[in-house]
Every structure is written in structure tokens, then in C-alpha cells.
Amino acid sequence: MTYTHFTVETATPSIGAYIAGIDLNSELPKQAYDELKHALATYKVIFFRDQDLSNKKFHELGANMGNLEIHEFFPQLEEFPEIHVIQTKGGNTGTDRWHTDVTFRKEPSYASILRAIDIPTDGGGDTMWLSTHAAFEDLSTPLKELLLQVQGVHDMRYGMTGYLDTETVEKNVAKNPPMLHPAVISHPITGKPHLFINSIWTPAINGLKREESEALIKFLHEHVKKPEFQVRFKWQKNSIAIWDNIATQHYAVGDYNYPRVMNRMIVNGTKIEAYKA
Ligand SMILES: O=C(O)CCC(=O)C(=O)O
Ligand SMILES: [Fe+2]
């Protein structure tokens, strides 16, 4: 596709693109957002620099990308409850693990929009993403064929234990019981296969013997870490990243000691279907 509302510079062959020549403060036609959605589906994560937006304009960006969710337990702006405030001090944040967000839901969120409000002054606090399509394509044919036949277990308790108190974990698990998703999903827009197993929420593969499941899960959690599948983004004030949640995994690098503040919006869920070879 030729983009008419902005320029695109590819970050890596697998994933990521820098979008420039667009001012998100201006009144943009629907076509500009259609192009952004196309770029998002193509590059899986898109990056913007120097977008000095009011909360209203930031919210407008989100609303134009899709239906926004209000998250159960993240603090939010009073005026725009869909804008969540994520404050972390580095170290053991819980998001310093490769993951796809909320895969314990039947319909995990489709996209996330993150903007830097206050970032470490001495470097640190980058975010990384990987393409679950590239990770799948890199596997051998027999292993691909096995994965196409099985489902992953997605369990909130697995991801939250050790990060939240037992009462909070159990309250949330009661509302979100463990869920099965195909180990390889078909992307709802591109139709491409994506590995759908992640290290925060997926403790097991259904249908295998326990030892087989443990060995394969361990292998897959390591496999996705290949640098060839990844991109790393260094934040600046007024940087924005939009990622396709179900086409990627991400990792918030915890190498800082600073009250890092981000705003986040989430575009609501999308139906997950198995990839049919
Ligand atoms: O803080 C970040 O860079 C990303 C944290 C994260 O995992 C998320 O926002 O879903
Ligand atoms: Fe996340």
C-alpha cells in the first residue's frame, strides 16, 4: 500500500516501523486512520516521535483506532477513564517478561497505545516487541504441524502469582477462569499464522503429556527470544507506540530506578481463531 498521510521507515525486516510526517494534533481524515491501521497490521508495532498531545487529542487517537477498553485495575485519568496511568520504578515490574496482554480472556485486546509521559533521564526503560509470525515461521515443518493441532492453556493465576496478593489473584481468577486458545492463530486482518503461547499466561499445552508440554513450552518461551524476531524502542518524551497485541509479544526492560510514567489505551478484543494450514 502507498501511504499518503505519512512516511514509513521499516525498523527491522520482522517487525516495527517509524511513522513520520504526520501531526496527530491536526484534524485527520478517516483515510489517515485507515492507513495507520493498515501500517499497524503490516508492521505490528508503529512508533511516533514528538507528538505533544493533550489528553483530549491522545484520547481521540485511541477512539479513531477502535473501541477503547477500561481496564479493571489500572489507575485512570478522571476526565478520560480509557487513558490508564502506568507508573513503574524499574526492577521487578511484572512486565519485564515476554508476553501478550490479557490472553486469559476469550477475546484478548487487539491493540495497545502507549505514550511516554516521564521517562528515565539516564537511559533505560526501553520496550521490546517480537513478531509471533516470524517466531512461528522459523520453526521446522514437523513442529509447525504439531502446534497446529494443539491449544495453549492461558491462566491468570500462573502470571499473577508472586506479583499480586493471593486475595486479588483469586478474585480475578474467579472472574477469568483458565482458557484454551489455539497454539497457532490466524491473524484476523492478514490471515497469517502467529504463535500464540506466551511466558506470562501460558503454563501448558493442552493434549500433550505433562512432561511433553513442559519441554515444549520451555522451548517455545526460549525460541521467541531470538533477536531476529525483535525490535527495541528507546522512548523520548512524547513518543507513542501502537502495537498489535495478538500479533506480538512485548517486554518492558526493567533496567532503571526512576518513577517512569506512561499513559496507555487499549483497543478492545478480537475473536481468536485457529490457523488452518
Ligand atoms: O511499560 C511498558 O513499556 C510496557 C508495559 C506493558 O507490558 C504494557 O503496557 O502492556
Ligand atoms: Fe503488557
Side-chain angles (χ1 to χ4, degrees), residues 11 15-16 40 44-49 51 58 61-62 65-66 68-77 81-105 107-121 123-132 154-156 158-160 162-164 172 176 181 194 196-202 221 224-225 230-270:
I15 182 167
L40 179 61
K44 305 170 185 66
V45 53
I46 52 178
F47 305 115
F48 303 81
R49 296 276 187 209
Q51 299 287 344
F58 183 58
L61 167 67
M65 293 304 287
L68 296 175
E69 287 177 3
I70 299 183
H71 198 282
E72 297 93 323
F73 39 81
F74 284 128
Q76 48 202 230
L77 298 185
E82 295 93 346
I83 302 181
H84 298 109
V85 182
I86 316 275
Q87 179 156 5
T88 43
K89 287 221 163 67
N92 196 20
T93 58
T95 52
D96 55 342
R97 300 179 280 172
W98 283 107
H99 66 285
T100 300
D101 290 333
V102 296
T103 60
F104 49 79
R105 291 190 192 155
E107 298 190 352
S109 1
Y110 174 60
S112 283
I113 307 174
L114 199 61
R115 81 161 155 168
I117 301 297
D118 192 1
I119 43 161
T121 43
D126 296 353
T127 307
M128 301 176 72
W129 286 265
L130 65 84
S131 162
T132 50
H154 294 256
D155 187 349
M156 210 173 186
Y158 180 65
M160 287 187 157
Y163 291 87
L164 293 172
N172 281 292
N176 298 274
H181 289 301
H194 287 259
F196 204 66
I197 300 283
N198 74 86
S199 72
I200 289 194
W201 307 119
T202 324
H221 292 343
V224 297
K225 295 181 188 166
Q230 299 175 5
V231 65
R232 179 171 182 142
F233 187 58
K234 182 172 170 50
W235 295 96
Q236 296 167 347
K237 191 172 165 54
N238 296 326
S239 297
I240 294 176
I242 307 181
W243 71 92
D244 180 324
N245 185 49
I246 60 169
T248 58
Q249 294 185 22
H250 56 282
Y251 184 115
V253 181
D255 58 349
Y256 57 96
N257 181 5
Y258 182 90
R260 175 182 183 264
V261 182
M262 311 293 275
N263 278 172
R264 191 171 87 143
M265 293 181 291
I266 306 167
V267 179
N268 79 352
T270 182

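As the structure lists them, so they are numbered: ligands from 1, and atoms in each ligand from 1. When a residue number appears, it is its place in the shown sequence, counting from 1. Hydrogens, waters and symmetry mates play no part in the numbers below; they use all other heavy atoms, side chains included.
Taking the six-membered ring where the residue is Trp, H84 and F74 present tilted rings, their angle falling between 30° and 60°. Ring geometry for H250 against W243 counts as tilted: the plane angle lies between 30° and 60°, on a 0 to 90° scale. Classified by interplanar angle (parallel below 30°, tilted 30° to 60°, perpendicular above 60°), the ring pair W98/Y251 is tilted.
Restricting H99 to its N, O or S atoms, the one at the least distance from the Fe ion (ligand 2) is NE2.
Residues with a heavy atom under 4.0 Å from ligand 1: T95, H99, D101, L114, T127, W243, H250, A252, R260, R264.
Just one residue in the list K44, Q249, H194 forms a side chain to side chain donor-acceptor pair (under 3.5 Å) with T132, and that residue is H194.
At least one side-chain heavy atom of N263 sits less than 4.5 Å from a side-chain heavy atom of V85. No side-chain heavy atom of F104 sits under 4.5 Å from any side-chain heavy atom of N172.
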| message | Run Y110 and N245 through side chain to side chain donor-acceptor pair (under 3.5 Å) and show every step you take. | response | CA-CA 5 Å; Y110 174 60; N245 185 49; over 6 Å; no

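Taking the Fe ion (ligand 2) as the apex, the angle formed with OD1 of D101 and NE2 of H250 is 100°, to the nearest 10 degrees.
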